[in-house]
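All remarks here apply to the structure that follows.
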Amino acid sequence: MTKRVGLTIILSMITGLVYSQAVKTTEEKELLKKIDVFTNTNRQGWYDLETLMNSLPDSEIVQRTEKFRNAPFIKAFNSFAQANGDQYAAVRMSKFAQYAPPPAALLALDWDTTSLRNAGSLTGNIDLFSVALLRTFDPAMTAQIANSMFAAAIFSDSTLQEHALRYYRTKGLYGMQVYTQLLSGDLWQVWAADRTLAVSFRYDLRRGIISAPSRTKLDDPAYTKIIWSRSIVKPADETVQLMDDLLQSIWNSYPASGYGSDDLLYVHRQQQTEKLAAFLSSNRRRYKAAREQELRSLAPPPPALTGFRELTTIADDITPYRDSAYNAATLLHPHQWGSAIQMAALPYFEISAKDYARRVQYNAIFGVNSYARRLNENEWEVWVVGTLDACTYIWDLSSGHISKPRYWVREEAGT
């Protein structure tokens, strides 16, 4: 695994717009507690794996793959996943069953079933990334992680570089549609389609293993003619329904004439912002109810952050975009604002890419805890605490905007 691809995948886990139940089920909470025990017990094993991977050249894919597969932490994780397979399958099944099967026109395309399965490539060893899915239960999140890796592999081809920028811009603007279909037992097929291409793979809910990746071909005229159905047909709760309505609004904002020239990027962004502002305005009660439901389920913040050092001061304004219509409309969960603040801190405090990648990866492996305290009718104080960093902010549920963002980093030996 290269560090670049690894970071891309972890970023997708943390920052993507995903469907999520606001209040976790009892079974999901129990499984997350078990995962916490596992990662804390095997923390040194993760440190050793991190040191080992950093000592090997990125170019030595075969060697890195072999060392990774046989690392004690990975072996321990595989045993943990097997021992808790029933619970993993049950939690994931409840989420996968919410999604619709894909449009027939998507299945009818001429799919590339070979380029992503090269045994000597990253995507040819995609089963190794099951550890990146240890806290992932929803198909949209799983699809985003897989899609990030597939896209990196597809556009590493020098002949496709001209397509890469448009692909990432288009996907960033209009999102993607996710579909699922049960194959047999715990094995499901997943499709993730954006406005440029689609990928598909099999997913073992019990083992958390992705296999048999495939993709559509770029510039296939038939792709542009597909009539896309909604991703979710059986929403588990109102929050899932709201997020699906939002993502459908984003998806449907794609121009009838297509993306067009990159020169129109600013125009596209302005048009989308206007539509998101209108969606937010007409759904404020739904937003407030969904956000409040989740915040009420969280424990109150701790009295202090022990072992952390604050980087922000009263004069720092690290999130000048915090009152944008886009953020107010799309950031529905506490951890999403936490991720936005974390990313804003990267350039503001000139944090190195290596340190940033490490913080994001640790949050993905060891988890992130959210806390909340109600201040008044509309405002809540929210804390998002990870292993290596943390943030707090005041969230106005009526407007969707935040204020007073603060950011901490873990005090480590030698710092």
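Since we're looking at a predicted model, the values are computed, not measured.
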Handout entry: All pairs passing salt bridge (Lys or Arg N to Asp or Glu O under 4.0 Å) where residues 69-91 contributes a residue, at least two apart
Key =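 Output for this query lists Arg69-Asp127, Asp86-Arg206.
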Please tell me whether [X] and [Y] form a close aromatic pair, meaning their ring centres lie under 6.0 Å apart.
| X | Y | result |
| --- | --- | --- |
| Trp251 | Tyr174 | no |
| Phe80 | Phe38 | yes |
| Tyr223 | Trp228 | yes |
| Phe155 | Phe150 | no |
| Trp46 | Phe73 | yes |

Handout entry: Asp389, Thr312, Thr392 screened by side chain to side chain donor-acceptor pair (under 3.5 Å) with Tyr407, the one that passes
Key = Asp389
Pairing donors with acceptors under 3.5 angstrom, does anything connect the side chains of [X] and [Y]?
| X | Y | value |
| --- | --- | --- |
| Asp237 | Gln241 | no |
| Gln189 | Ser200 | yes |
| Asn378 | Lys288 | yes |

Handout entry: Partners passing salt bridge (Lys or Arg N to Asp or Glu O under 4.0 Å) against Glu27 (at least two apart in sequence or in another chain)
Key = none
Problem - Ring-face cation of Arg358 near Tyr362 (centre distance under 6.0 Å, axis angle within 45°) - result: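 Because its charged atom sits under 6.0 Å from the ring centre and within 45° of the axis, Arg358 does stack over Tyr362.
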Handout entry: Arg207 to Tyr88 six-membered ring, cation-pi geometry met (6.0 Å, 45°)
Key = no
